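Scroll down for the structure; my scribbles are underneath it.
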Amino acid sequence: MHLDDYIPMVGEAVVEDLKLIAQRLQGKVIRNINSTAVGGGVAEILNRMVPLLKELEIDAHWDVIRGGDKFYAVTKKIHNALHGATQEFTPDDIEAYQETQKSNLEELKSFADVMFIHDPQPAGLIQKKQELGRKWLWRCHIDLSSPQKDVWEFLRPMVEQYDAAVFSSPGFSQKLPIRQVLITPSIDPLSDKNKDLPQEFITSVLERFKIDPEKPLVTQVSRFDYLKDPLGVIEAYRLVKPYFDCQLLLVGGSATDDPEGSEVLQKVKTAAGDDPDIHVLELPPTSHLEINALQRASSVIMQKSLREGFGLTVSEALWKGKPVIAGGVGGIPLQITHKYSGILTHSVEGTAYWLKQLLQSPDFGRRLGENGREHVRENFLLTRHLRDYMLLFLSLDHPDEDVVNL
Ligand code: UDP
């Protein structure tokens, strides 16, 4: 896949612009660091962003920190607490976090002009800045607006040492003494997850997973995580089922940095019981084509999150022209304007109400999907994201200027 392949979707001017900006960054070394190579939105984006930066002759790299079960249990707690869920955060947890930062710093042999650190898991690597210098960016993908106080107080002194922090939505940020930048995430329209697929392939995937191609399919694609509310999705489906015969599909997998997954999956299976129209699929994290096909085969896509970062699955579904019913939390309202490009809900009952409406009026659903697709084309494709990141890298060399002249 090459940059020019995006021209049919975004137009030539957008791609030319990218090449122009990249000229100003030639030879710069950018090192991305996060905590998982597969599973979840961050890995999804880096997988495509890094090769495109390289094509633009920017020396981009991507490393994944290594930690044990204890570390990931702690970082999951930090994640939940920053999203506002109450967690017990102990001195022992702090020690486990710090130890992993230290061991990863020992292993990190090469540094870069820009150290681009993603999310709280590797945020502590910043302790190297004093010795090393360079520019350090903290990319926060989560909603920091109402964090548990002690956990935020633990993280904040680290964040404050960065040159800038990047958030996905204006509402996610915190008062900080450093530069804050708003950059929304994106999807890649040419990736296996989002590219067009032949109908025969979609049909074969339904067959493989024993899904009835004739009965309307309602789908949520998400890690099995309480905050994605798969149990609420099942409740909503149950309220609709007596009025409209449909199937429910919950597709998930686990990210290697998410220890809670199997517990939630178990609860989902119990809640699904023996209803033959509820399909619970656990797919390996490389199943992009399958997920693409399942999204395309769906009549309605759900993302009933209770808390959310940006919620990439919403843009993925809208790009496929699907009507989406989603929790009005996190970055989801940036993607959906209620009743114009999708439906925002805040309860099981509301979700069920709209699900029934959409199943009964496919034309309304199609209109929502079409509007959603255009909104994604304008705002949430990888090319826009790439441009924002390059401008951010450039701005680091001009710390005191509000306008950087290219
Ligand atoms: N995803 C996947 N397999 C799964 C569950 C999710 O490939 O079993 C993908 C999904 O298509 C999306 C990303 O993982 O691209 C999830 O990103 P999102 O922002 O929705 O949620 P996060 O997991 O980052 O909280």
Side-chain angles (χ1 to χ4, degrees), residues 34-49 72 75-76 78-80 82-83 85 118-121 139-143 167-169 172 183-195 205 209 219-230 233 249-262 264-265 268 279-296 298 301-320 322 324 326-327 329-336 342 376 380-382 385:
N34 81 326
S35 65
T36 179
V38 285
V42 181
E44 188 91 10
I45 291 168
L46 287 175
N47 242 313
R48 293 297 307 136
M49 185 66 84
Y72 289 121
T75 56
K76 180 72 191 189
I78 294 178
H79 178 93
N80 288 340
L82 291 174
H83 267 303
H118 296 260
D119 283 332
Q121 297 93 330
R139 199 327 172 193
C140 180
H141 291 89
I142 51 191
D143 180 352
F167 293 92
S168 296
S169 167
F172 286 10
I183 298 180
T184 50
S186 64
I187 61 162
D188 181 358
L190 295 179
S191 67
D192 285 347
K193 179 66 63 61
N194 297 307
K195 67 184 185 189
V205 169
F209 295 121
T219 299
Q220 173 157 301
V221 176
S222 269
R223 290 179 294 103
F224 289 105
D225 182 322
Y226 290 114
L227 298 181
K228 308 281 184 184
D229 202 19
V233 173
L249 168 63
L250 293 162
V251 196
S254 46
T256 53
D257 61 350
D258 182 1
E260 236 169 38
S262 50
V264 179
L265 175 61
V268 165
H279 307 271
V280 180
L281 284 185
E282 214 192 340
L283 295 183
T286 46
S287 316
H288 302 302
L289 286 169
E290 287 79 2
I291 289 181
N292 184 347
L294 292 167
Q295 287 169 327
R296 287 179 190 277
S298 302
I301 301 272
M302 309 274 252
Q303 189 55 59
K304 208 203 147 311
S305 303
L306 303 171
R307 296 276 199 308
E308 191 50 88
F310 180 69
L312 277 177
T313 50
V314 171
S315 275
E316 287 168 6
L318 295 176
W319 180 245
K320 293 168 184 109
K322 297 295 167 181
V324 178
V329 294
I332 291 175
L334 296 175
Q335 302 173 73
I336 290 180
V376 171
F380 303 121
L381 294 186
L382 186 61
H385 198 177

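Both ligands and their constituent atoms are indexed starting at 1 by order of listing. The structure presented is a predicted model; accordingly, all values stated were derived computationally and were not measured.
Which parts of ligand 1 touch Gly311 is read off a 4.0 Å heavy-atom cut-off, strictly below it: atoms 19 (O), 20 (O). Using a 4.0 Å cut-off to heavy atoms of Ile291, the atoms of ligand 1 that qualify are 2 (C), 3 (N), 4 (C), 7 (O). When each atom of ligand 1 is checked for a heavy atom of Gly253 under 4.0 Å away, the hits are 4 (C), 8 (O). Taking every heavy atom of Glu44 and a limit of under 4.0 angstrom, the matching atoms of ligand 1 come to 15 (O). Atoms of ligand 1 found under 4.0 Å from any heavy atom of Glu316 (numbered from 1 in listed order, with element): 10 (C), 11 (O), 12 (C), 15 (O). Heavy-atom proximity to Lys193, at under 4.0 Å, picks out these atoms of ligand 1: 2 (C), 7 (O), 9 (C), 10 (C), 11 (O), 15 (O).
Taking a cutoff of 4.0 Å between a charged side-chain nitrogen and a carboxylate oxygen, Arg223 and Glu260 do not qualify as a salt bridge.
By the 3.5 Å distance cut-off applied to N or O atoms, Phe310 is not counted among the residues near ligand 1. Close N/O approach between Gly41 and ligand 1 is found [any backbone or side-chain N/O within under 3.5 Å]. The shortest N or O to N or O distance between Gln295 and ligand 1 is not under 3.5 Å. Distances between N or O atoms of Ser222 and those of ligand 1 include no value under 3.5 Å.
With a 4.5 Å cut-off on side-chain heavy atoms, Leu318 and Ile336 count as touching. You'll find the side chain of Ser315 reaches within 4.5 Å of the side chain of Ile187, heavy atoms only. Between Val251 and Glu290, every side-chain heavy-atom pair lies at or beyond the 4.5 Å cut-off. You'll find the side chain of Asn292 stays beyond 4.5 Å of the side chain of Asp192, heavy atoms only. Counting only heavy atoms from C-beta outward, the side chains of Glu316 and Asn194 approach each other to under 4.5 Å. Proximity of Val233 to Asp229: side-chain heavy atoms (C-beta onward) are nowhere separated by under 4.5 Å. Residues Met49 and Leu382 are in side-chain contact: their nearest non-hydrogen atoms beyond the backbone lie under 4.5 Å apart.
For the residue pair Ser168 and Arg139, a side-chain donor N or O sits within less than 3.5 Å of a side-chain acceptor on the partner. Side-chain N/O atoms of Thr219 and Gln295 include no donor and acceptor closer than 3.5 Å.
Of the candidates Asp192, Leu312, Thr36, Val251, the one placing a heavy atom closest to atom 20 (O) of ligand 1 is Leu312. Of the options His288, Arg307, Glu308, Lys228, the smallest heavy-atom separation from atom 22 (P) of ligand 1 is shown by Lys228.
Neither the backbone nor the side chain of Leu283 comes within contact range of ligand 1; no heavy atom lies under 4.0 Å. The residue Gln303 has no part lying near ligand 1, judged by heavy-atom distances below 4.0 Å. Contact annotation: for His141 versus ligand 1, there are no heavy atoms closer than 4.0 Å. Contacts with ligand 1 closer than 4.0 Å are made by no heavy atom of Pro185, backbone or side chain.
Ligand 1 has at least one atom lying under 4.0 Å from a heavy atom of Gly252.
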